[in-house]
Amino acid sequence: MMTSHVSDLIKIPQGLWSGLRELGFTAQDIARQAQLPLSTIEEPAGVTTAQYFAIWQAYSDLIGDVSQGIIKLSTAFDTAHYPPSVLATYHARDYRDALNRMAMYKQLCPPENLQITEEGESCQIELNWDSVKQSGPAMLVGITLATLLELGRRGTGQPIHAKLVEFSHPMGDVESLEAYFGCRIRVGAECNRMTLYRRDLDLPFVTYNEELLEILTPALDRALDEHQGNKSIIQTVKWILKRSLAGGRSDMLSVARDLGMSERTLQRRLTEEKTSFKQLLTQVRHEQALSYLADSMLDIKEVAFLIGYEDQNSFYRAFRLWEGTTPSAWRSQHRGLAR
């Protein structure tokens, strides 16, 4: 689960102004409505969280209906105008890879962050806020979730539908939003969250561009390293592995590609940290196995698959080495302790 940190100022992508112009709104219109100087909202260094929220509320007020504002801007935004952090997600291998990159690179664009959880047949993406007590404006919440769905639709070329979308705010014309997201919309919920069909995450991107990713990823990762205060390579590798085990991409080459480095470089960096890729893979499988076994809804065979074992017997052998007992016996003991 990825959580982001806050920087002082939020940079607004130029593509936002281009998208708003297509809908008939100028930067001057937004500045006037938000009661902010034009020079402030066009400042390259960025705006404060309060100013950022005011800009989104201004767009909402000008367009009049939250749902229409979400649908129109989400579909009008030209992908070419996205900043590199978002552009990279459109050239990912598949929808899962794109979403994981989006969650990771969102850290470079506060104040919102994404938490992605895959479980059973669903994938939940929850939108949270950093260092601000209140949630962002309804328009910003809706646009953020719609952009993630739009990412899947544009990347795969398929008319992907969500399974459920939940908003804590009133969202205007809910029927229009249901038609756009292709699912039921729940308002007045405890959180802002979109649930996708997990199978859709495996859909390949027709926009996949390995060469472009090789150019963009290292620069983005360096920026992310600076932003996170040089987060440990061990934490990063484990984070990637946890999200790729069930997809069968738990080999060193795949992880190195996600990190924008060669296998040799990854191996060297892990050696410097006195560990190896094999050790980290084992640790992640062990940790995830215990986490999944604690969920009584998952059967043992499913747990084995989720941590990357196609053969259930291989999982049993590995688990005996880790815990000295079988997965089912551990689950029984765990339940007894929980009670």
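Just so it is clear, the model here is predicted, and its values are computed rather than measured. Computation of the quantities below employed the complete heavy-atom set of this structure, encompassing side-chain atoms and omitting hydrogens, waters and symmetry-equivalent molecules.
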Visitor: Salt bridge or not between Glu166 and Arg186? Use side-chain N to carboxylate O under 4.0 Å.
Guide: yes
Visitor: Under a 3.5 Å distance rule, please check whether Ser60 uses its side chain to pair with a backbone N or O of Trp56 as donor and acceptor.
Guide: no
Visitor: For a quick test of reading the model, state the closest non-hydrogen atom pair linking Ala76 to Gly19 and the distance between them.
Guide: CB-O, 4.5 Å
Visitor: If you look at every heavy atom in Leu203 and Asp94, which pair is closest and at what distance?
Guide: O-CB, 3.1 Å
Visitor: Measuring from Met252:CE to Ser254:OG, what's the distance to the nearest 0.5 Å?
Guide: 11.5 Å
Visitor: Would the distance check show the side chain of His91 and the main-chain N or O of Thr207 forming a donor-acceptor pair, the cut-off being under 3.5 Å?
Guide: yes
Visitor: Could you tell me whether Arg153 sits above the aromatic face of Phe181, with NZ or CZ closer than 6.0 angstrom to the six-membered ring centre and within 45 degrees of the axis?
Guide: no
Visitor: Check Ala162 against Cys183 and note the closest heavy-atom contact, atom names and distance.
Guide: O-CB, 3.1 Å
Visitor: Which residue is it: Val187, Asn192, Leu140? I am looking for the one with a side-chain contact (heavy atoms from CB on, under 4.5 Å) to His169.
Guide: Asn192
Visitor: Have Glu323 and His286 got a donor and an acceptor in their side chains that come within less than 3.5 Å?
Guide: yes
Visitor: Checking Arg101 side chain against Ala88 main chain: does a donor-acceptor pair fall under 3.5 Å?
Guide: no
Visitor: Without swapping roles, check the side chain of Thr75 against the backbone of Lys72 for a donor-acceptor pair under 3.5 Å.
Guide: yes
Visitor: Evaluate the criterion side chain to side chain contact (heavy atoms under 4.5 Å, CB included) for residue pair Asn113 and Gln115; output intermediate values, then yes/no.
Guide: CA-CA 7 Å; Asn113 70 66; Gln115 293 181 329; 4.1 Å; yes
Visitor: Quick check: do Tyr197 and Asp200 have side-chain heavy atoms less than 4.5 Å from each other?
Guide: yes
Visitor: So how far is it from Glu273 CD to Leu270 CG, rounded to the nearest 0.5 Å?
Guide: 8.0 Å
Visitor: Tell me the closest heavy-atom pair linking Leu196 and Leu201, and the distance in Å.
Guide: CD1-CD1, 4.2 Å
Visitor: Using 0.5 Å steps for rounding, measure from the CD atom of Glu119 to the OG1 atom of Thr195.
Guide: 11.0 Å
Visitor: Between Ser67 (side chain) and Asp173 (backbone), is there a donor-acceptor pair under 3.5 Å?
Guide: yes
Visitor: Just by distance, do the side chain of Thr217 and the backbone of Leu213 share a donor-acceptor pair under 3.5 Å?
Guide: yes
Visitor: Tell me the closest heavy-atom pair linking Thr325 and Trp330, and the distance in Å.
Guide: CG2-CB, 4.0 Å
Visitor: So which atom in Thr326 and which in Tyr316 form the shortest heavy-atom distance, rounded to 0.1 Å?
Guide: CB-CE2, 4.3 Å
Visitor: Flag yes if Phe167 and Leu164 sit in one hydrophobic cluster, no otherwise; membership is Ile, Leu, Val, Met, Phe, Trp, Tyr, and two members link when side-chain heavy atoms are under 4.5 Å apart.
Guide: no
Visitor: Within this structure, what is the CG-CZ distance for the pair Leu149 and Arg154, rounded to the nearest 0.5 Å?
Guide: 11.0 Å
Visitor: Test the Arg285-Tyr309 pair against the cation-pi criterion, namely NZ or CZ under 6.0 angstrom from the six-membered ring centroid and within 45° of the ring axis.
Guide: yes
Visitor: Contact between Ile70 and Gln68 at the side-chain level, heavy atoms closer than 4.5 Å - yes or no?
Guide: no
Visitor: Would you kindly confirm whether Val47 and Leu38 end up in one hydrophobic cluster when ILVMFWY residues are joined by side chain heavy atoms under 4.5 Å apart?
Guide: yes
Visitor: Let's go through Ile71 and Ser176 carefully: what are the C-alpha distance in whole Å and the side-chain angles of both, what is the deciding distance for side chain to side chain contact (heavy atoms under 4.5 Å, CB included) to 0.1 Å, and is it a yes or a no?
Guide: CA-CA 8 Å; Ile71 296 164; Ser176 293; 4.0 Å; yes
Visitor: Can a side-chain donor-acceptor contact be found between Ser262 and Thr265 if the only test is distance below 3.5 angstrom?
Guide: yes
Visitor: Passes side chain to side chain contact (heavy atoms under 4.5 Å, CB included), Phe205 versus Thr156? Steps please.
Guide: CA-CA 4 Å; Phe205 267 26; Thr156 65; 3.6 Å; yes
Visitor: So, taking the atom named OG1 in Thr282 and the one named CH2 in Trp322, what distance separates them when rounded to the nearest 0.5 Å?
Guide: 7.0 Å
Visitor: To the closest 0.5 Å, what do you measure between CG (Leu148) and CG (Leu114)?
Guide: 5.5 Å
Visitor: Any Lys/Arg nitrogen of Arg268 or Glu272 sitting under 4.0 Å from an Asp/Glu carboxylate oxygen of the other?
Guide: yes
Visitor: If you define the side chain from C-beta out and look only at heavy atoms, does anything of Thr26 sit under 4.5 Å from Trp17?
Guide: no
Visitor: What I'd like to find out is whether the side chain of Glu214 reaches to under 4.5 Å of the side chain of Glu210, using heavy atoms alone.
Guide: yes
Visitor: Side chains of Gln279 and Ser276: any donor to acceptor distance under 3.5 Å?
Guide: yes
Visitor: What I'd like to find out is whether the side chain of Pro137 reaches to under 4.5 Å of the side chain of Gln57, using heavy atoms alone.
Guide: yes
Visitor: Quiz question: by atom type and distance under 3.5 Å, do the side chains of Glu287 and Tyr292 form a donor-acceptor pair?
Guide: no
Visitor: Give the cluster check for Leu253 versus Val237: same hydrophobic cluster or not, with ILVMFWY residues linked at side-chain heavy-atom distances below 4.5 Å.
Guide: no
Visitor: Does Val284 reach the side chain of Ile307, with side-chain heavy atoms less than 4.5 Å apart?
Guide: no
Visitor: Give a yes or no on whether the backbone of Glu118 and the side-chain of Ser122 come within a donor-acceptor separation of less than 3.5 Å.
Guide: no
Visitor: Can you list the steps and then say if Leu280 with Gln283 is a side chain to side chain contact (heavy atoms under 4.5 Å, CB included)?
Guide: CA-CA 5 Å; Leu280 294 184; Gln283 282 176 29; 4.0 Å; yes
Visitor: Would a distance-only check, ignoring hydrogens and angles, find a side-chain to backbone donor-acceptor pair under 3.5 Å from Arg331 to Leu293?
Guide: yes
Visitor: I want to check something: taking the side chain as every heavy atom from C-beta on, are Met139 and Ile63 in contact at a cut-off of under 4.5 Å?
Guide: yes
Visitor: Examine the side chains of Asp29 and Gln33 and answer whether a donor and an acceptor come within less than 3.5 Å of each other.
Guide: no
Visitor: Looking at side-chain heavy atoms only, is the closest gap between Arg193 and Leu127 below 4.5 Å?
Guide: no
